[in-house]
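Contents: one structure, followed by commentary.
Residue indices begin at 1 and follow the sequence shown.
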Amino acid sequence: MSVTPEEKFQTGLLHDLEPVVETELNRHLSMAKEWFPHQYVPWSEGRDFDGPLDGEPWSIEQSKVTAEARESLIVNLLTEDNLPGYHNAIAAVYGREGAWGTWVNRWTAEENRHSVVLRDYLTVTRAVDPVALERARMRHMEAGYEADHGDSFLHGTAYVSFQELATRVSHRNTGKASGDPLCEQMMVRIAADENLHMIFYRNLLGASLEAAPNETMRAITDVVKGFQMPGYSIDGFLRKSVVIANAGIYDLRLHHDDVLVPVLRKWGVFDRTDLSGDGEKARQELGEFLEQLDAAATKFETRREERRARQATRKS
C-alpha cells in the first residue's frame, strides 16, 4: 500500500514532535490537581423520581438555575457525553504509543469527570428534566462524532486549541449565569481542567508552527474560518446557541476577543517572518476573516442591546 506525500509529512511531523508532547505531558501532570466529582454535588438535596421508586416527577419549578443557564448546562453536558467519539478521533490521529498515547488516555480520563459531575449535579438538584436529558443524550450519541478535518494532525490540533478555550469560557460563564453558587463552583473546577488542556494543545501547535510554518498556518486559518463547537449536532442546537448568546454566556464577541485573538497572539501568527506561498496566503485570509468576525460581533452586540432596551421599556 503506497503512502501519500501528506501521510508521509504527517508521520514525520508526529515523530519530530514527540519530545514536545513528552515535555508538555510532564508539565500538565505537574500542574493538574486531583479532584473528585462527588464532592461538588449537593447529595443532601436529592430525592427519588417517579418510575420504579415511585418518587416525585420532575417539574420545571424545581429548577433553581436560570433558564439561560439551563440551556447551556444541557449543551455542555451533551457535548461532554460524546467523549467516546472524541477519544476515537484523537487516538486515530495521535496514536496509542509513547507520550502521544499517554496523553490521549490521560485527557480522556480527565474529560470523563466533567460529564460525571455535571449529570450528578443536574439530577440531584433537579435543574433539568432528566427524561428529556436522557433522550437527548441517546439521540446525540447515536448520531456519532466525526472530526470536520478527518485525520489531519495540524487541523485537529488547531481545532482543540481553540475549542478547549471556548469550552472553558462557556463553562465559566454558565456558572456565573446560573444563579447558584454551587453550580458556579462546579463550573469553575471543570473550566480549570479545560484551561490546562488548551495550554497543552496550544503549545503543541506552537511547536508545529516552528517545524512546519506554512502548513500549520493553513490549518489554523481553515479551522478558524470553519469553526463550530463539537455539540453542533445536538437537537435544537441553533435555538439553544441563540439563547446562550443572548445571555452573554458565549457569543461572537467572546469567541473573537477571548478565544481566537489570545491564542493567535500567543502563536504570534501576524508577527512571523517565516511564512511564504500558501502560508502567507492563509495568514492574509485569516486577517480578513477576523475583521469580518469583529464587525459581525459588533453588529450582534448592538442588536442585543436594542432588544434589551425594548424589553426594559415594555416592562416599565
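Judged by distance alone, with hydrogens and angles left aside, the side-chain atoms of W58 form no donor-acceptor pair with the main-chain N or O of F49 at under 3.5 Å. Under the 3.5 Å distance criterion, the side-chain polar atoms of R283 are matched with a main-chain donor or acceptor of V269. At least one donor-acceptor pair under 3.5 Å links the side chain of N246 to the backbone N or O of V242.
The number of heavy atoms from other shown groups lying within 6.0 Å of CG (D48) is above 12. When the shell of 6.0 Å around CD of E22 is examined, it contains 12 or fewer heavy atoms from other residues, nucleotides or ligands.
The heavy-atom pair separating A89 from Y145 by the smallest distance is CB-CE2, 4.1 Å. Of all non-hydrogen atoms in F300 and R307, the two that sit nearest each other are CE1-NH2, 4.1 Å. Nearest heavy-atom pair, F162 versus L264, reported as atom, atom and distance to 0.1 Å: CZ-CD2, 3.9 Å. The shortest non-hydrogen separation linking S72 to S170 is OG-OG, 4.1 Å. Summarising the geometry of A282 relative to T221, their closest heavy-atom pair is O-OG1, 2.8 Å, with the distance given to 0.1 Å. Between R27 and L196, the shortest heavy-atom distance links the atoms NH2-O, 4.1 Å.
When H256, H149, H155, H255 are each tested for a ring pair (Phe, Tyr, Trp, His ring centres under 6.0 Å) with F227, only one passes: H255. Shown are R137, R135, K240, R139; of these, the salt bridge (charged side-chain N to carboxylate O under 4.0 Å, His left out) with D235 is made only by R139.
V261 and L286 fall into different hydrophobic clusters, where Ile, Leu, Val, Met, Phe, Trp and Tyr residues are linked whenever their side-chain heavy atoms come under 4.5 Å apart, directly or through other members. When the side chains of ILVMFWY residues are joined at heavy-atom separations under 4.5 Å, either directly or via intervening members, M138 and L77 end up in two distinct hydrophobic clusters. Cluster annotation: Y201 is connected to M229 through the hydrophobic network of ILVMFWY side chains, with a link wherever side-chain heavy atoms come within less than 4.5 Å. Residue L133 is not grouped with residue V243 when hydrophobic side chains (ILVMFWY) are merged at heavy-atom distances under 4.5 angstrom, including chains of intermediate members. Note: the hydrophobic cluster containing V223 also contains Y232 (ILVMFWY, side chain heavy atoms under 4.5 Å, direct or indirect links).
Note on R202 versus E164: no salt bridge recorded, every NZ/NE/NH1/NH2 to OD/OE distance being 4.0 Å or above. A salt bridge links R106 with E110: the distance from a Lys NZ or Arg NE/NH1/NH2 to an Asp or Glu carboxylate oxygen falls below 4.0 Å.
Proximity of C183 to K64: side-chain heavy atoms (C-beta onward) are nowhere separated by under 4.5 Å. By the 4.5 Å heavy-atom criterion applied to side chains, N173 and K176 are counted as neighbours. Side-chain contact between R239 and E71 is present, with heavy atoms from C-beta onward closer than 4.5 Å. Considering only heavy atoms from C-beta on, R189 stays 4.5 Å or farther from Q39 through its side chain. Put simply, the side chain of L205 reaches to within 4.5 Å of the side chain of L154, judged on heavy atoms. With a 4.5 Å cut-off on side-chain heavy atoms, V160 and F200 do not count as touching.
Remark: the H140 side chain and the D81 side chain contain no N/O donor-acceptor pair separated by less than 3.5 Å. A donor atom on one side chain and an acceptor atom on the other are not found under 3.5 Å apart for E306 and T302. For the 3.5 Å distance criterion, the side chains of H38 and D120 fail to qualify, holding no donor opposite an acceptor.
Using bins of under 30°, 30° to 60° and over 60° for the plane-to-plane angle, the ring pair W103/H197 lands in the perpendicular bin.
Taking the six-membered ring wherever Trp is involved, the centroid distance between the rings of Y94 and W107 does not fall below 6.0 Å. In summary, the aromatic rings of Y121 and Y40 are positioned with their centroids too far apart to meet the 6.0 Å limit.
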Would you tabulate the side-chain donor-acceptor contacts of residues 208-220 under 3.5 Å, counting partners in other chains and residues two or more places apart, or write 'none'?
from: S208; atom 1: OG; to: L204; atom 2: O; distance (Å): 3.1
from: E210; atom 1: OE2; to: R272; atom 2: NH1; distance (Å): 3.4
from: E210; atom 1: OE2; to: R272; atom 2: NH2; distance (Å): 3.1
from: N214; atom 1: OD1; to: S276; atom 2: N; distance (Å): 2.8
from: N214; atom 1: ND2; to: S276; atom 2: OG; distance (Å): 3.2
from: T216; atom 1: OG1; to: S208; atom 2: O; distance (Å): 3.1
from: T216; atom 1: OG1; to: A212; atom 2: O; distance (Å): 2.7
from: R218; atom 1: NE; to: D278; atom 2: OD2; distance (Å): 2.9
from: R218; atom 1: NH1; to: D222; atom 2: OD1; distance (Å): 3.2
from: R218; atom 1: NH1; to: E285; atom 2: OE1; distance (Å): 3.1
from: R218; atom 1: NH2; to: D278; atom 2: OD1; distance (Å): 3.0
from: R218; atom 1: NH2; to: E285; atom 2: OE2; distance (Å): 3.2

M187 vs R172, side-chain contact (heavy atoms from CB on, under 4.5 Å): CA-CA, chis, key distance, verdict: CA-CA 6 Å; M187 299 308 282; R172 285 295 300 270; 5.9 Å; no
